[in-house]
Structures are given as C-alpha cells and as structure tokens.
Amino acid sequence: MSGPAAWPPAPIRTERLVLRESEARDRDAFLDLFSSPEVGTYIGGSKPRDEVDRTAPPIPGRRHGLFVVALDGAMIGMVSFDVVDEERLLGYLFLPSAWGRGFAYEACAAALDWYAAAHPGEPLASITRTANVASMRLLAKLGFTEGERYEAYGAEQCHWRQ
C-alpha cells in the first residue's frame with residue numbers, strides 16, 4: 001500500500017454536494033450523527049449526546065481520509081477511507097434526514113473517483129452489517145462485490161471488495 005495522498009484535497013463538488021475537510025461549524029452535526037439512535041442501529045449503538053459533546057474535539061473528524069459531506073453548506077454526513085489491518089476501507093455515515101435521497105451514492109461515487117486518482121491500483125473494501133439493506137444496496141451500486149459473511153460485534157457482517 002503506498003503512502004497517504006496529500007491531505008486535505010481541494011473540495012470536491014458534485015451536482016448537489018461538496019465533500020470537504022471538517023470545520024468547526026460541523027461540530028453540532030457530528031454530535032447529531034454519533035448520538036443518533038437511527039445511525040447507531042448499524043454501527044454498534046449510539047452514545048448520549050452530552051457524552052459525545054464532552055469527548056468530541058472542537059473540530060471533530062479533522063483527519064486524513066475523512067470528507068465531510070455538505071449540502072448547501074451544512075454537514076449531512078461523512079465519507080472516510082481508513083486503514084484497518086493493512087486493508088483500506090470505505091466508510092460512510094449520514095444523518096437520518098439525508099437518507100433515501102441519493103446523497104450517499106452521490107458522495108461515495110465522488111469520493112471513490114478521488115480515491116482512484118489518489119491511490120491508483122490500490123484495492124478498497126468495505127464492511128457493513130447484512131441487516132443494513134440500504135448499505136448493502138449502495139455498495140453493490142458503487143461496484144463493490146459481496147464477499148465473506150461473518151459474525152462480529154453481535155451481528156452478521158459482510159465484507160465487500162471493489
């Protein structure tokens with residue numbers, strides 16, 4: 001796996017969205033995201049908002065490989081590329097108010113284009129709970145191939161490869 005690409009890249013603009021580095025104004029949306037019971041359903045649970053608030057840095061998500069997804073300037077989710085056990089993984093989380101409107105596909109497709117240019121030829125994977133049917137559909141639509149299913153974190157997971 002080659003070294004990290006220059007970070008942060010210039011903001012990525014799609015038809016409706018901007019993918020950019022995290023800013024201080026995104027903090028409330030990060031708190032909402034990680035304290036949302038709906039979001040927590042598929043990522044092992046949520047935490048009470050006051051706990052997330054106490055532990056979150058002034059600019060949450062400011063790290064290599066994490067894009068804030070913004071609609072009309074406001075954060076609606078995030079797309080990330082993380083290295084876990086020497087494997088690069090695509091991850092994404094969106095606020096429930098953004099679900100079902102095609103934002104996740106639009107943002108992930110743009111992020112994947114960036115990834116392909118920044119890390120040419122490097123494989124990418126993703127993992128999702130099989131109960132998260134919307135995420136399973138999204139990964140298939142993005143061109144990932146369903147792979148091994150296994151039990152982890154108290155639920156069946158599916159490993160996807162690009």
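The figures here come from the full heavy-atom set of this structure, side chains too, leaving out hydrogens, waters and symmetry mates.
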Look up atom [atom1] in [X] and atom [atom2] in [Y], then write down how far apart they are to the nearest 0.5 Å.
X: His159; Y: Thr145; atom1: NE2; atom2: OG1; answer: 12.0 Å
X: Glu146; Y: Thr128; atom1: CD; atom2: OG1; answer: 10.5 Å
X: Leu124; Y: Gln162; atom1: CG; atom2: CD; answer: 5.0 Å
X: Ser126; Y: Leu90; atom1: OG; atom2: CG; answer: 4.5 Å

May I ask you to test the [X]-[Y] pair for a side-chain heavy-atom distance under 4.5 Å?
X: Phe30; Y: Met75; answer: yes
X: Val79; Y: Val69; answer: yes
X: Leu17; Y: Arg13; answer: no
X: Arg149; Y: Thr130; answer: yes
X: Arg88; Y: Glu122; answer: yes

Any donor-acceptor N or O pair under 3.5 Å, side chains Ser135, Tyr92: yes
Would you say [Y] ends up clustered with [X] if hydrophobic residues are merged whenever their side chains have heavy atoms under 4.5 Å apart, either directly or through other cluster members?
X: Met78; Y: Val52; result: yes
X: Trp7; Y: Leu19; result: yes
X: Leu138; Y: Tyr42; result: no
X: Ile127; Y: Leu93; result: no
X: Leu139; Y: Ile43; result: yes

Using 4.0 Å as the upper bound for N to carboxylate O, is an ion pair formed by Lys47 and Asp53? no
With a 4.0 Å cut-off on N to O distance, would you call Arg54 and Asp50 a salt bridge? yes
Could you walk me through whether Val39 and Phe34 pass side chain to side chain contact (heavy atoms under 4.5 Å, CB included), step by step? CA-CA 7 Å; Val39 173; Phe34 289 101; over 6 Å; no
For [Y], is there any backbone N or O sitting under 3.5 Å from a side-chain donor or acceptor partner on [X]?
X: Asn132; Y: Arg129; value: no
X: Ser36; Y: Leu33; value: no
X: Trp160; Y: Ala140; value: no
X: Ser22; Y: Val68; value: no
X: Arg25; Y: Gly73; value: yes
X: Arg27; Y: Ala56; value: yes

Evaluate the criterion salt bridge (charged side-chain N to carboxylate O under 4.0 Å, His left out) for residue pair Arg62 and Asp26; output intermediate values, then yes/no. CA-CA 10 Å; Arg62 173 96 22 125; Asp26 302 319; over 6 Å; no
On a heavy-atom basis, which atom in [X] and which in [Y] lie closest, and how many Å separate them?
X: Pro8; Y: Glu21; value: CG-OE1, 3.5 Å
X: Pro48; Y: Ser35; value: C-CB, 4.2 Å
X: Ala118; Y: Pro120; value: C-CD, 3.4 Å

Could you list all the side-chain hydrogen bond (donor to acceptor under 3.5 Å, both in side chains) pairs where at least one residue sits in residues 65-77, not counting sequence neighbours? none
Counting only heavy atoms not in Arg49, do more than 12 fall under 6.0 Å of its CZ? yes
May I have the step-by-step check of salt bridge (charged side-chain N to carboxylate O under 4.0 Å, His left out) for Glu87 and Arg161, ending in yes or no? CA-CA 11 Å; Glu87 180 175 52; Arg161 294 194 186 282; 2.8 Å; yes
In terms of relative ring orientation, are Trp114 and Phe81 parallel, tilted or perpendicular, with 30° and 60° separating the classes? tilted
Let's go through Leu66 and Asp82 carefully: what are the C-alpha distance in whole Å and the side-chain angles of both, what is the deciding distance for side chain to side chain contact (heavy atoms under 4.5 Å, CB included) to 0.1 Å, and is it a yes or a no? CA-CA 8 Å; Leu66 188 142; Asp82 297 296; over 6 Å; no
What side-chain donor-acceptor pairs closer than 3.5 Å can you find for residues 99-113, not counting sequence neighbours?
| unit_1 | atom_1 | unit_2 | atom_2 | d |
| --- | --- | --- | --- | --- |
| Trp99 | NE1 | Phe94 | O | 2.8 |
| Trp99 | NE1 | Leu95 | O | 3.4 |
| Arg101 | NH1 | Ser97 | O | 3.3 |
| Glu106 | OE1 | Arg16 | NE | 2.7 |
| Glu106 | OE1 | Arg16 | NH2 | 2.8 |
| Glu106 | OE2 | Thr14 | OG1 | 2.4 |
| Glu106 | OE2 | Glu15 | N | 3.4 |
| Glu106 | OE2 | Arg16 | N | 2.8 |

Stepwise, does the side chain to side chain contact (heavy atoms under 4.5 Å, CB included) test hold for Met136 with Cys158? CA-CA 8 Å; Met136 299 273 285; Cys158 185; 4.0 Å; yes
